[in-house]
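Reviewing the structure listed below.
In what follows, chains are A, B, ... by sequence order, proteins preceding strands, each numbered from 1. Given the structure is predicted, the values throughout are model-derived calculations rather than measurements.
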There are 2 protein chains.
Amino acid sequence: MRRDVFQAIADPTRRAILSLLAFNAMTPNAIAEHFDSSRQAISKHIKILAECQLLNQEQTGREIYYHFNPQKMQEVDQWVAQFREQWEKRFDQLDALLKKQKNK
Amino acid sequence: MRRDVFQAIADPTRRAILSLLAFNAMTPNAIAEHFDSSRQAISKHIKILAECQLLNQEQTGREIYYHFNPQKMQEVDQWVAQFREQWEKRFDQLDALLKKQKNK
DNA sequence: TATATTTGCAACTGATTGGTTGCGGTTTAA
DNA sequence: TTAAACCGCAACCAATCAGTTGCAAATATA
């Protein structure tokens with residue numbers, strides 16, 4: 001079972017769930033109400049997100065609140081960081097070009 | 001055919017290819033030499049990366065050089081950005097806690 | 001206690017994926 | 001011109017995935 005963060009955020013529905021939970025913990029039913037998919041389909045997505053620790057559970061009675069775990073998302077950020085220098089370089093080049101045009 | 005950046009970087013081999021091409025444009029054969037997979041398997045990964053514009057082609061004779069396109073990777077960065085505040089907040093909290101411990 | 005709500009788990013299905021093999025087209029070199 | 005190198009395309013296969021349906025466990029409510 002391949003279950004890493006990158007595989008988890010590959011699905012648009014799962015990305016939407018993460019955006020939804022970024023600032024509010026929610027129960028599976030509450031989450032499912034925001035989508036057209038069935039409760040089970042959403043529940044499966046939640047399971048995948050929880051397995052790779054992008055979500056944490058907090059059980060209160062029969063309800064389970066799912067919390068977003070920023071630490072895990074940081075892994076994606078750290079991977080993307082290796083390319084950041086590249087687009088900043090290009091931006092600098094564009095910037096220099098624009099300045100040059102302006103001074104003509 | 002779902003062909004977006006997130007789906008493209010979901011595969012570990014494709015992520016390795018991107019890291020490889022980040023600073024040097026390379027031909028498919030040269031790329032394939034860095035992996036255990038066959039040339040065709042790598043070629044398929046390259047095709048997917050090119051389709052979602054993470055790679056650009058530059059044909060010179062019978063060789064094709066693939067270049068990394070930072071602009072497209074920025075899309076991932078922009079999506080992750082919405083969560084950045086979260087882990088920075090937590091970091092600040094941890095930082096405050098550590099300072100508090102220190103001053104005891 | 002009996003019933004309704006919330007939820008996860010298992011089985012099944014159709015679609016997608018990663019990989020292999022074989023082939024043909026184009027460019028370079030002998 | 002003939003042979004080799006570089007490369008993409010299409011067909012095929014096993015594995016995985018997203019979604020549905022049915023069910024059982026646990027908790028809350030009447």
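Rounded to whole Å, atom P of D:dC17 lies 19 Å from atom CZ of B:Phe6. Spacing between atom NE2 of B:His45 and atom C1' of C:dT16 amounts to 14 Å, rounded to whole angstrom units. For B:Arg39 and D:dC7, the CZ to C1' distance is 6 Å, given to the nearest whole Å. Taking atom CD of B:Gln40 as the reference point, atom C1' of D:dC9 lies 9 Å away to the nearest angstrom. Rounding to whole angstrom units, CD of residue A:Gln59 and P of D:dT27 are separated by 7 Å. Across the protein-nucleic acid pair, A:Tyr65 atom OH and D:dT27 atom C1' stand 14 Å apart, rounded to whole Å. In this structure, A:Arg3 atom CZ and D:dA15 atom P are separated by 17 Å, rounded to whole Å. Atom P of nucleotide D:dC17 and atom NZ of A:Lys47 are separated by 11 Å, given to the nearest angstrom.
A:Arg3 approaches A:Glu51 most closely through the heavy-atom pair CD-OE1, 2.7 Å. Minimum interatomic distance between B:Ala10 and A:Gln7 (heavy atoms only, all atoms of both residues): CB-CA, 4.1 Å. Closest heavy-atom contact between A:Met73 and A:Leu54: N-CD2, 3.9 Å.
Residues meeting the side-chain contact (heavy atoms from CB on, under 4.5 Å) test with A:Arg84, sequence neighbours left out: A:Asp77, A:Val80, A:Ala81, A:Trp87, A:Glu88, B:Asp77, B:Arg84.
Closest approach to the A:Ile64 side chain among C:dG18, C:dT7, D:dC6 is made by C:dT7 (side chain taken as heavy atoms from C-beta onward).
A:Phe6 and A:Trp79 have perpendicular rings, their planes meeting at more than 60° on a 0 to 90° scale where under 30° would count as parallel.
With A:Arg14 contributing its side chain and A:Ile46 its backbone, the two residues share no donor-acceptor pair below 3.5 Å. Proximity of a side-chain donor or acceptor of A:Gln82 to a complementary backbone N or O of B:Ser19 within less than 3.5 Å is not detected. In terms of modelled atom types and a separation under 3.5 Å, the side chain of A:Asn69 and the main chain of A:Gln53 share a donor-acceptor contact.
Contact check, A:Gln7 against D:dC17: a side-chain N or O comes under 4.0 Å of OP1 or OP2. The side chain of B:Ser38 places an N or O atom within less than 4.0 Å of a non-bridging phosphate oxygen (OP1 or OP2) of C:dT20. When the side-chain nitrogen and oxygen atoms of B:Arg14 are compared with OP1 and OP2 of C:dG18, one or more of them lie within a distance under 4.0 Å. Put simply, A:Ser43 has a side-chain N or O that comes within less than 4.0 Å of OP1 or OP2 on C:dG8.
Across all strands, B:Tyr66 comes closer than 4.0 Å only to sugar-phosphate atoms, never to a base (heavy-atom distances). Among the atoms of the strands shown, only primed sugar atoms or phosphate atoms (P, OP1, OP2) are found under 4.0 Å from some heavy atom of A:Glu63. Contacts of A:Ile42 with the nucleic acid, taken as non-hydrogen atoms under 4.0 Å apart, are absent. Note on B:Lys44: a base of the nucleic acid sits closer than 4.0 angstrom, heavy atoms only.
The base of C:dT5 is paired with the side chain of A:Arg62 by a donor and an acceptor separated by under 3.5 Å.
Nearest-nucleotide positions on DNA chain D for A:Thr60 and B:Ile46 put B:Ile46 closer to the 5' end.
Near-neighbour residues of DNA chain D inside residues 19-31 of chain B, defined by a heavy atom below 4.0 Å, number-ordered: B:Thr27, B:Pro28, B:Asn29.
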